[in-house]
Enquirer: 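I am attaching a structure below and will ask some questions about it afterwards.
Sequence lines set the chain letters: A, B, ... in the order given, protein chains first and strands last, and positions in each chain run from 1. Please read all numbers here as calculations on a predicted model, not as lab measurements.
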2 protein chains.
Amino acid sequence: MGFSETMKAIADPQRRAILDLLKKDRLSAGEIASNLPDISAATVSYHLSLLKRAKLITESKYKNFIYYELNASVFEEIMLWCAQFTGGSDEKAK
Amino acid sequence: MGFSETMKAIADPQRRAILDLLKKDRLSAGEIASNLPDISAATVSYHLSLLKRAKLITESKYKNFIYYELNASVFEEIMLWCAQFTGGSDEKAK
DNA sequence: CTCCTATTTCGAAATCCTTCTAAATAGATG
DNA sequence: CATCTATTTAGAAGGATTTCGAAATAGGAG
């Protein structure tokens, strides 16, 4: 179920907004929530858990904050998957 | 709503199976349906309509068949979107 | 024109997703 | 230890998705 989960995670605009925020910096859950004023902190937490399950982000604890940051390698996997459909001469897809 | 729709379309395993079939050949709706024995023709038609709305495939009619084929350019757009997250030196994302 | 085949549309049921508020947890700090 | 802050979990409501069988459409064939 890995790839479906990843794509589903990216399909949501709210979750893409989180990924955009993390492009610049690693941020705590609270910092992410205050950058997304339209949804509650509980909802942000729910989205973070899905992004984490999809391995698009990783978390690390410091004091009583939880910091989140991007995991670039999953985006590379998606690019590889896409490449098999772009008439590219490299048909190395499994 | 374009990008969300595209990613949502790809997130479904059944729809990815359709994309995989179309990698080799263009196929009619019926040919696609007989390659996917677990779901009904009506369901295949529903998935095809979503893939079409997401511009991942295009259709063309011949006799009373409707043929579907891949549209590679949308996969390229996804790769571009992904590239902004892979520490790549090219930060040209909009 | 009538029938046949390919495909889509309709309506309904089941499941899954997103969001909220309120309550629980976990750790820091006085 | 008592409390405060950061975050998650629980439970519920509302909406969206997936799937089906049956009926509708559309066009070719006789």
Enquirer: Between the side chains of E31(B) and S28(B), does any donor sit under 3.5 Å from an acceptor?
Expert: yes
Enquirer: Return the nearest nucleotide to the side chain of H47(A); candidates are dT18(C), dT9(C), dT7(C).
Expert: dT18(C)
Enquirer: Select one nucleotide: of dT5(D), dG27(D), dT7(C), the one nearest the side-chain heavy atoms of A29(B).
Expert: dT7(C)
Enquirer: Remember a base hit wins even if backbone is also touched, and classify S28(B) as base, sugar-phosphate or nothing at under 4.0 Å, heavy atoms.
Expert: sugar-phosphate
Enquirer: From OH of Y67(B) over to C1' of dT8(C), roughly how many Å is that when rounded to an integer?
Expert: 17 Å
Enquirer: Separation of I66(B) atom CD1 from dT25(D) atom P, in whole Å?
Expert: 15 Å
Enquirer: Could you walk me through whether L19(A) and L70(A) satisfy the side chain to side chain contact (heavy atoms under 4.5 Å, CB included) test, starting with their C-alpha distance in whole Å, then the side-chain angles of each, then the deciding distance to 0.1 Å, before giving a yes or no?
Expert: CA-CA 7 Å; L19(A) 295 174; L70(A) 287 179; 3.7 Å; yes
Enquirer: Quick check: closest heavy atoms across I57(A) and K52(A), and the distance to 0.1 Å?
Expert: CG1-N, 3.7 Å
Enquirer: Does the ring of F85(A) carry K23(B) above it, NZ/CZ under 6.0 angstrom from centre and within 45° of its axis?
Expert: yes
Enquirer: Side chains of K8(B) and F3(B): closer than 4.5 Å at any heavy-atom pair?
Expert: no
Enquirer: When you look at T6(B) and K55(B), which way does the side chain to side chain contact (heavy atoms under 4.5 Å, CB included) test go after all the steps?
Expert: CA-CA 8 Å; T6(B) 302; K55(B) 301 217 196 311; over 6 Å; no
Enquirer: Rounded to the nearest Å, what distance is computed from the CG atom of residue L48(A) to the P atom of nucleotide dT18(C)?
Expert: 13 Å
Enquirer: In dot-bracket form, how is DNA chain D paired, counting a Watson-Crick or G-U wobble pair only if both its distances are under 3.5 Å and using | for bases paired to another strand?
Expert: ||||||||||||||||||||||||||||||
Enquirer: Could you check whether Y68(A) gets within reach of a base, just the sugar-phosphate, or nothing at all, counting any heavy atom under 4.0 Å?
Expert: sugar-phosphate
Enquirer: With a 4.0 Å cut-off on heavy atoms, is I32(A) in touch with a base, just the backbone sugar-phosphate, or nothing at all?
Expert: nothing
Enquirer: Please tell me which of V44(A) and V44(B) maps to the more 5' nucleotide of DNA chain D, matching each residue to the nucleotide holding its nearest heavy atom.
Expert: V44(A)
Enquirer: Calculate the interatomic distance between Y46(B) atom OH and dA6(C) atom C1'; express it in whole Å.
Expert: 21 Å
Enquirer: Of the nucleotides dT18(D), dT18(C), dT8(D), which one has an atom closest to the side chain of D12(A)?
Expert: dT18(C)
